[in-house]
2 protein chains.
Amino acid sequence: MVDLVYRNIMTDLKRRIENNEFDNKRLPDERSLSESYGVSRSSVKRALNVLANQGIIFKKRGSGTFINPLYQKNESIFQYEGSNLGITDSFKSDGQVPQIKLLDFQVIPANEELQTELFLNPGDFVYQIKRLRTFDDHPFMIEQGYIPIKVAPELTKAVVAESIFNYFEDTAGKSVTKSFMSIKAEPSNDEDHELLGLKDFEPVGMMEGIFFLDDGTPVEVSNMRLHYKYLNYNTFVNLDGEM
Amino acid sequence: MVDLVYRNIMTDLKRRIENNEFDNKRLPDERSLSESYGVSRSSVKRALNVLANQGIIFKKRGSGTFINPLYQKNESIFQYEGSNLGITDSFKSDGQVPQIKLLDFQVIPANEELQTELFLNPGDFVYQIKRLRTFDDHPFMIEQGYIPIKVAPELTKAVVAESIFNYFEDTAGKSVTKSFMSIKAEPSNDEDHELLGLKDFEPVGMMEGIFFLDDGTPVEVSNMRLHYKYLNYNTFVNLDGEM
DNA sequence: AAGTGGTCTAGACCACTAC
DNA sequence: TAGTGGTCTAGACCACTTA
């Protein structure tokens, strides 16, 4: 697909780690990798940095580069799907059939909050899209999204009933790769009870996100209310991940 | 403090952004910055990459580097404190007085799960530490932590009643900079009702974390149950943040 | 002392955007 | 066409760990 040196090396190393080719939990040193791959040490470092930022390896100065034992032993713990955009479309299906029911679809003027979050001017309009997501007819999420009409002037009901981000990618060739996410919990309200089948005392998980294109253009604000059993955000945090 | 070129530039650029020195939302190009700071372009790029990974700027190939409008306009939205380790010690006080009540402190053998998560052998022991955290006598979190005795052989009640991670840093000079975090929501149980003052129907937020030193040594597994009003994890996600 | 990862440089060339 | 950020190289030197 792509043809970047550091990315190829990264992919290859990941494969070799998963295949247990480094049984002593230790990777070859950077200079050796540089030579064996026939690339500069800088490119090797870059590949290793990506893996380190994902928590797959640890680099120990003066000592070497080591595989995170959790990555091999216990992939059920080490799942940072949450480290994706926290996005609707990326909920794991696990063989279940995902479905979308469109609850609301209209165009409204952006209020002040939306103007700020989506970099809009007073008077700009947004699509308001409310959807219910299910797995095998079992609802798990109410999603209310707002998309500036100017970033998708010809959005239709049919599109909105499916993956919106795929639509961006397919039509405009632009992919949504960045987001602000805010994760909270709340008691459920009447609508939650009705749509998500929750009991009074059962909570909802809230995920609020602003999604951006690569170039910083915001394309959606989304408020997601999840059946609490489905709120599970996993992530690897690396404070030195600043490189 | 530190004296890294890219870090100094990063800090300076951040300051200049916050001081509105780039009123047109656009930073000087990399080659200019390289010259004006008297460093290589690589170092400038590195500094910019850090800021981009934090969501403070967006880089647009062929066009320039731009400030994220949300960063200046609305810092109340743009707060990714959650992007810290998700750590206990980092909860913002906001002028409130944080307190810790030690509920339990003992040494027990690590069960299988802890052995896996903390890279321990059968028969290894861990401290089991249960604490209640409050702001101005208002409880908001029950925290149950497990720390291998071998990473802190002389842990005392006094230490445990304060910041454990600061203790690591002060005594061993090692800082906790990485973590796996898992965030969920659950209905509250009896203990939550009692200790956190929750009503039956009110939920708790759960944050489970494994914390590591720089070199990959795991130092703590922590299960945190938060009053739902205090669960608020904010983060900037960048799928291209792999550099 | 030897080996490892970390930082930084100077420069070449490529890919994309704007005009 | 000019200007921007992206990738990659080859090499120097530093900081730390291990023996």
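Residue numbers begin at 1 in each chain, while the letters A, B, ... track the order of the sequences.
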query: Rounded to whole angstroms, how far apart are CZ on Arg31(A) and P on dG5(C)?
result: 7 Å

Euclidean distance, atom CG of residue Asp29(B) to atom P of dG5(D) [Å, nearest integer]: 5 Å

statement: Whole-Å distance, Asp215(A) CG to dG6(D) C1', equals 16 Å

task: Could you check how far CD1 of Ile57(A) sits from C1' of dG5(C), rounded to whole Å?
output: 11 Å

query: Between Tyr127(A) and Tyr146(A), does the ring centroid distance fall short of 6.0 Å?
result: no

Rounded distance (Å) that lies between atom C1' of dG3(C) and atom CG of Leu33(A): 14 Å

- line: Sorted by chain and number, sequence neighbours left out, ring pair (Phe, Tyr, Trp, His ring centres under 6.0 Å) with Phe125(B) holds for none

task: May I have the distance from Asp214(B) (atom CG) to dA15(D) (atom P), rounded to whole angstrom?
output: 17 Å

- request: Would you mind listing every ring pair (Phe, Tyr, Trp, His ring centres under 6.0 Å) that reaches into residues 10-32 of chain B, with sequence neighbours excluded?
  value: none

task: List for me each residue that meets salt bridge (Lys or Arg N to Asp or Glu O under 4.0 Å) alongside Asp215(B), sequence neighbours excluded, and say none if there are none.
output: Lys60(A)

- request: Just jot down the side chain to side chain contact (heavy atoms under 4.5 Å, CB included) partners of Val159(B), sequence neighbours excluded, or say none.
  value: Leu155(B), Thr156(B), Tyr167(B)

query: With Lys45(B), which residues qualify under salt bridge (Lys or Arg N to Asp or Glu O under 4.0 Å), at least two apart?
result: Glu30(B)

statement: Residues of residues 36-45 of chain B with a heavy atom under 4.0 Å from any atom of DNA chain D, listed by number, are Arg41(B), Lys45(B)

query: salt bridge (Lys or Arg N to Asp or Glu O under 4.0 Å) with Glu208(A): which residues, sequence neighbours excluded?
result: none

Are there any protein N/O atoms within less than 3.5 Å of an N/O atom in nucleotides 17-19 of chain D, and if so, which ones and at what distance?
from	atom 1	to	atom 2	distance (Å)
dT17(D)	O4'	Gly62(A)	O	3.4

query: Taking the side chain of Tyr6(A) as its heavy atoms from C-beta onward, which of dG5(D), dG6(C), dC8(D) lies nearest to it?
result: dC8(D)

query: What's the CZ-C1' distance between Phe66(A) and dC16(D), to the nearest Å?
result: 13 Å

- prompt: Between the main-chain N or O of Arg131(B) and the side-chain N or O of Glu143(B), is there a donor-acceptor pair closer than 3.5 Å?
  reply: no

Phe66(A): ring pair (Phe, Tyr, Trp, His ring centres under 6.0 Å) partners, not counting sequence neighbours: none

query: Who passes side chain to side chain contact (heavy atoms under 4.5 Å, CB included) against Val5(B), sequence neighbours left out?
result: Ile9(B), Val39(B), Ser43(B)

query: For the helix from dA1(C)-dT18(D) to dA18(C)-dT1(D), what is the angle between the axes at its two ends, each from 5 pairs, rounded to 10°?
result: 10°

statement: Atom CG of Asn8(A) and atom P of dT7(D) are separated, to the nearest Å, by 13 Å

- line: Those residues at least two apart in sequence (or on a different chain) that pass salt bridge (Lys or Arg N to Asp or Glu O under 4.0 Å) with Arg16(A) are Asp12(A), Glu21(A)

query: The side chain of Thr65(B) lies closest to which of these nucleotides: dT7(D), dC8(C), dG5(D)?
result: dG5(D)

